[in-house]
2 protein chains.
Amino acid sequence: MRSGAATADDPGSFDDRTAKARIRDAAIECFAEEGIADTTARKVAAAAGVSPGLVIHHFGSMEGLRIACDEHVAAAIRRIKESAMASGPGLDVFGMMRDTNIGSAARYLARVLAEDSHTVETLVDDLIDDAERYFEQGVESGMLLPSNDPRGRAVVLVLWSLGGLVLHDHFKRLLGVDLTDPDLSTSPNLMAYMGPAYEILGSGIFTESLASHLQSAVTEADETDRERPPSAQSKQKGTR
Amino acid sequence: MRSGAATADDPGSFDDRTAKARIRDAAIECFAEEGIADTTARKVAAAAGVSPGLVIHHFGSMEGLRIACDEHVAAAIRRIKESAMASGPGLDVFGMMRDTNIGSAARYLARVLAEDSHTVETLVDDLIDDAERYFEQGVESGMLLPSNDPRGRAVVLVLWSLGGLVLHDHFKRLLGVDLTDPDLSTSPNLMAYMGPAYEILGSGIFTESLASHLQSAVTEADETDRERPPSAQSKQKGTR
DNA sequence: TAGCATATTGAACATGCGTTCAGGTGCTGC
DNA sequence: GCAGCACCTGAACGCATGTTCAATATGCTA
């Protein structure tokens, strides 16, 4: 069909745009744009310029297509992340996936993050592992504060960030920032998001006195197993 | 089938636990448990103990059902939020919706937050408005640090929190905490989440030097990008 | 009692889905 | 040449879906 490309699916070969690859790419875009549930074999086929039968012929089923897309996007993100980490220090978790023509990957991710997919779980785990390692370096070099729970801090920060990605429509509506924009860094409204984010990550939001008060409550609850959590007055509900 | 102590319904109607209400409740549970796309009229009908036709008869269409569920859940959350805000200060955004038998509302919310629904948008807007007002009180009473962008800070914090809710499966897997658990506050692993969260919100993660470095980079980018916006950095950030 | 509106059913319908399959096309090796 | 093979098509199948509708049950009004 195309140029003198050899046999079909050969990852790493020069011309990957075989029909199979075109279908996969079209599927990623379709999943990203229309959502998982609203993406049908026929839509993907039309977008890729092939017949519906070919979609199933190459991927076995729609679920197979989903898995292939998951893996392709995960691989793309890993590649971007690696080059970003090699290029030097960055601090936000999104930084890993911006400044690169990542295409529809961010939008795709935002769509599948809430579904359960083993591939995505593994990707999230990896992102957290890397963040944790990254934070550790930051602590050692004096850029980041140490944590009582480095792993937990990495989990919370990465999932907050990814959760923000999932809710990108709300950010777009409320702050005018599209977190899935491939070239987010040139967005004029970026600071509407980055400003508050850096402020929070810079100094928190609690004052000294409140922070110490909460901290003592936390450690207290941590030591005694059955103690009230720090959220203060939970109204007794009678029966338990 | 449950009877008697049903969850409250529309304010204004006395006994709403009609078949229509049963269908709506079953639908909320079904949406929450199986997801939006996998919830069919027949499943809802079976769960409510009625025929599929009745579902459409009462709500016009499945989309009508979705809207009715959105509005019901939004009303429930607003009610909970109001009583929580009346009961005194709390600091995390989840606090609004825990300590109450909110049923499947949190799981439902987690499912619809990423879809677009005008009702949910309005609910999110309200949550942010309340958080902003709430933070303002916290600043006045000396519990919270002032912000250069109070609105932006509220948006970011609420959406990070809600994003975490959407990704509750990942939190459950990684920290053992189920953020959609109706009685979250008694969860033994709660601190695996609250600890890092409070740590971040307490003092941030950046050290002094890095924070000032980033801040200068931000203002620099702000000035070079365009003219200095009218309301920006009028107030110098905390003396610390 | 009759009359009427509402509540509810269950079978039917049209639609769109994922998937299958028999066959067509073009290339490669003999 | 022509067999073999991979790629690809497009019609078809079976199924689940949302929705419709005539028919029935139920309860309210007079």
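Chain letters run A, B, ... following the sequence lines, proteins first and then strands; every chain starts at 1.
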Would you say Thr180(B) and Asp178(B) are linked by a side-chain donor-acceptor pair, where the criterion is simply a distance under 3.5 Å?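 Judged by distance alone, the side chains do pair up.
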Rounded to the nearest angstrom, tell me the gap between atom [atom1] in [X] and atom [atom2] in [N].
{"X": "Phe59(B)", "N": "dT20(D)", "atom1": "CZ", "atom2": "C1'", "value": "18 Å"}
{"X": "Leu65(A)", "N": "dG18(C)", "atom1": "CG", "atom2": "C1'", "value": "12 Å"}
{"X": "Arg22(B)", "N": "dA7(C)", "atom1": "CZ", "atom2": "P", "value": "13 Å"}
{"X": "Leu54(B)", "N": "dA23(D)", "atom1": "CG", "atom2": "C1'", "value": "15 Å"}
{"X": "Ile56(A)", "N": "dG16(C)", "atom1": "CD1", "atom2": "P", "value": "18 Å"}
{"X": "Met62(B)", "N": "dA16(D)", "atom1": "CE", "atom2": "C1'", "value": "13 Å"}
{"X": "Arg66(A)", "N": "dG18(C)", "atom1": "CZ", "atom2": "P", "value": "14 Å"}
{"X": "Ile23(A)", "N": "dC7(D)", "atom1": "CD1", "atom2": "P", "value": "11 Å"}

Which part of the nucleic acid does [X] contact within heavy-atom distance under 4.0 Å: base, sugar-phosphate only, or nothing?
{"X": "Ser51(B)", "answer": "base"}
{"X": "Val50(A)", "answer": "sugar-phosphate"}
{"X": "His57(B)", "answer": "base"}

Would you kindly compare Gly60(A) and Lys43(A) by the position of their nearest DNA chain C nucleotide and give the one closer to the 5′ end?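 Closest to the 5' end, via its nearest nucleotide, is Lys43(A).
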Using side chain to side chain donor-acceptor pair (under 3.5 Å) as the criterion, list what pairs up with Thr119(B), not counting sequence neighbours.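 Residues passing side chain to side chain donor-acceptor pair (under 3.5 Å) with Thr119(B): none at all.
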Name of the residue among Leu162(A), Asp70(A), Leu109(A), Val73(A) meeting side-chain contact (heavy atoms from CB on, under 4.5 Å) with Leu123(A): Leu109(A)
Would the number of heavy atoms belonging to other residues, nucleotides or ligands and lying under 6.0 Å from CD of Glu132(A) be above 12? yes
Side-chain donor/acceptor of Arg42(A) to base of dG16(C), under 3.5 Å: no
Under a 4.5 Å cut-off applied to non-hydrogen side-chain atoms, are Val124(B) and Arg173(A) in contact?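 They are in contact (side-chain heavy atoms under 4.5 Å apart), so the answer is yes.
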Of the nucleotides dC8(D), dT19(D), dT20(C), which has the atom closest to the Ala41(B) side chain?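 So the side chain of Ala41(B) is nearest to dT19(D).
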